[in-house]
Amino acid sequence: MQALRMQALRIISVTALAAVALTMAVRAGGEKVAFPESYAKGVLYTTIDRADIKQYRELFSTPEAVAALKAGRPIPTGTVLTLVQYKAKLDASGQPEKDANGRFIKDELVGYAVMEKRDGWGAEYGDDIRNGEWEYQAFKADKSVNDKANLRNCFTCHKPLDKQDFVFSFEAMKAAK
Ligand code: HEC
C-alpha cells in the first residue's frame, strides 16, 4: 500500500515537473519573438469584429507571405503575423457602435498578439503542442511583453489548424489584395 502510494506520488510529481518544464519551454520560446516594430508597413489583410469580447482587431501579414499563399506555397520562414487588439467603441448602453458598413469602430489600443515562424523553431516541443515552426508572444499596448499571457494557450488553440499552417485567417490572407 505504502509502496503504491509512493509510486503514485512519484508519477504525480513527474507529471507536474513535465508541466512546469513545458510552461518554461513555452515561455522561453516566446522570448524569441521581438516586438514587430514595422508591422504596419506590411499588409493589413483583414479586420475582425469580436462581439464576444467587444474588440476590433486588425490583422497584419507580410507581402511575401501573402504572395506565397496565392502561389500555393507555405508561409515563408521569417514571417511575422501581428494581430492588433483594440477596444470597440461603445454606445451609451455599452454595446459596440457600428460604422456605415455595420462594422465596429476602433477605440483604445489593448495589445498585440504575434506569431513568428523561423527555421528550426519549435523543435523542443512535443507533438501534442508543437505548432510547426511558429512561436507566439503577447505584447501590451506599450509594446512590452505581457507576462500575464499564458503562451501555452496560444499553441493549444491554434493547434487544430495544422492543415492551414496554424493560421485561423489563412483564407483571408490568401485573398488579400
Ligand atoms: C481560444 C483560442 C485562441 C487562443 C488561446 C489564441 N488565439 Fe490567436 N487566434 C484565434 C482566433 C479565433 C483567431 C482569428 C482572429 C479572431 O477571431 O480574433 C486568432 C488569430 C491570431 C493571429 C492572426 C493569425 C491567425 O491565426 O489568424 C495571431 C498572430 C494570433 N492569433 C496570435 C495568438 C497569440 C500570440 C496567442 C497567445 C497569447 C493566441 N493567439 C491565443 C484563437 C486563439
Side-chain angles (χ1 to χ4, degrees), residues 19 22-70 73-89 96 98 102-118 121-122 124-125 128-177:
L22 183 56
T23 303
M24 284 165 64
V26 165
R27 173 139 301 173
E31 283 168 10
K32 293 179 189 159
V33 179
F35 182 80
E37 291 292 349
S38 54
Y39 78 84
K41 296 200 188 94
V43 182
L44 172 60
Y45 63 94
T46 192
T47 67
I48 294 177
D49 298 342
R50 285 284 299 262
D52 54 338
I53 47 174
K54 297 180 181 171
Q55 272 191 7
Y56 164 85
R57 300 178 148 188
E58 292 180 340
L59 276 62
F60 289 87
S61 181
T62 63
E64 294 78 15
V66 171
L69 290 196
K70 287 187 189 298
R73 293 194 310 266
I75 296 179
T77 187
T79 297
V80 179
L81 304 180
T82 307
L83 181 159
V84 193
Q85 303 165 273
Y86 296 90
K87 283 184 185 163
K89 189 163 178 259
K98 308 254 176 81
R103 302 296 307 271
F104 288 5
I105 300 160
K106 72 177 169 190
D107 199 350
E108 198 182 315
L109 176 65
V110 176
Y112 307 83
V114 178
M115 54 199 282
E116 181 169 351
K117 182 186 201 181
R118 287 197 186 268
W121 280 13
E124 66 271 41
Y125 305 130
D128 56 331
I129 179 146
R130 185 170 183 181
N131 279 202
E133 295 181 314
W134 292 103
E135 287 284 4
Y136 294 81
Q137 186 57 280
F139 298 91
K140 297 192 269 195
D142 68 3
K143 304 183 181 177
S144 65
V145 168
N146 182 354
D147 310 318
K148 295 210 178 63
N150 182 345
L151 300 184
R152 189 168 206 274
N153 291 343
C154 319
F155 285 86
T156 49
C157 195
H158 280 249
K159 176 90 179 156
L161 286 92
D162 56 344
K163 299 285 184 303
Q164 47 186 64
D165 207 357
F166 308 94
V167 173
F168 279 92
S169 54
F170 189 91
E171 291 302 327
M173 201 188 304
K174 195 171 171 179
K177 292 191 194 78

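Each ligand, and each atom within it, is numbered from 1 in the order the structure gives. For this chain, numbers begin at 1 and follow the sequence in order.
- Proximity of Ile48 to Phe168: side-chain heavy atoms (C-beta onward) are nowhere separated by under 4.5 Å.
- In terms of polar-atom proximity, defined here as any N/O pair under 3.5 Å, Arg50 does make such a contact with ligand 1.
- The protein heavy-atom contact nearest to atom 15 (C) of ligand 1 is Ile48 CD1, 3.4 Å.
- Counting only heavy atoms of the protein, atom 23 (C) of ligand 1 lies nearest to Leu59 CD2, 3.9 Å.
- Neither the backbone nor the side chain of Leu161 has any atom closer than 4.0 Å to an atom of ligand 1 (non-hydrogen atoms only).
- Atom 8 (Fe) of ligand 1 has no N, O or S atom of Cys154 closer than 2.8 Å.
- Between Phe168 and ligand 1, at least one pair of N/O atoms sits closer than 3.5 Å.
- Across the listed options Cys157, Ala172, Ala149, Ala138, Cys157 owns the non-hydrogen atom lying nearest to atom 4 (C) of ligand 1.
- Panel note: side chain Arg103, backbone Thr47; a donor-acceptor pair is recorded below 3.5 Å.
- Scanning the protein heavy atoms around atom 28 (C) of ligand 1, the nearest turns out to be Met115 SD, 3.7 Å.
- Checking side-chain atoms of Asp107 against main-chain N and O of Lys87 turns up no donor-acceptor pair under 3.5 Å.
- The protein atom (non-hydrogen) at minimum distance from atom 18 (O) of ligand 1 is Arg57 NH1, 2.5 Å.
- Of the protein's non-hydrogen atoms, the one nearest atom 22 (C) of ligand 1 is Leu83 CD1, 3.6 Å.
- No hydrogens or angles considered: nothing links the side chains of Glu58 and Tyr39 as a donor-acceptor pair under 3.5 Å.
- No donor-acceptor pair closer than 3.5 Å links the side chain of Arg50 to the backbone N or O of Ala88.
- Contact of the Lys163 side chain with the Phe170 side chain is not registered, since no non-hydrogen atoms from C-beta on lie closer than 4.5 Å.
- An N or O contact shorter than 3.5 Å is missing between Thr82 and ligand 1 by distance.
- Between Lys143 and Glu37 there is a salt bridge, with a side-chain nitrogen of the basic residue lying less than 4.0 Å from a carboxylate oxygen of the acidic one.
- In this pair, Tyr86 and Tyr56 present their aromatic rings tilted. The plane angle is within the 30 to 60° band.
- Side-chain atoms of Asn131 come within 3.5 Å of backbone N or O of Ile129 as a donor-acceptor pair.
- Given atom 27 (O) of ligand 1, the protein heavy atom at minimum distance is Ser169 OG, 2.5 Å.
- Contact between Tyr45 and ligand 1 is present, with at least one heavy atom of the residue lying under 4.0 Å from the ligand.
- Taking every non-hydrogen atom of Val114 and a distance limit under 4.0 Å, the qualifying atoms of ligand 1 come out as 35 (C).
- Scanning all protein heavy atoms for the shortest distance to atom 8 (Fe) of ligand 1 gives His158 NE2, 2.2 Å.
- Other residues, nucleotides and ligands place more than 12 heavy atoms under 6.0 Å from the NZ atom of Lys32.
- In terms of protein heavy atoms, atom 5 (C) of ligand 1 is closest to Asn153 O, 3.3 Å.
- At a heavy-atom cutoff of 4.0 Å, ligand 1 is contacted by the backbone of Gln137 but not by its side chain.
- Screening Leu81, Leu69, Leu161 for a side-chain contact (heavy atoms from CB on, under 4.5 Å) involving Val167 leaves a single residue, Leu81.
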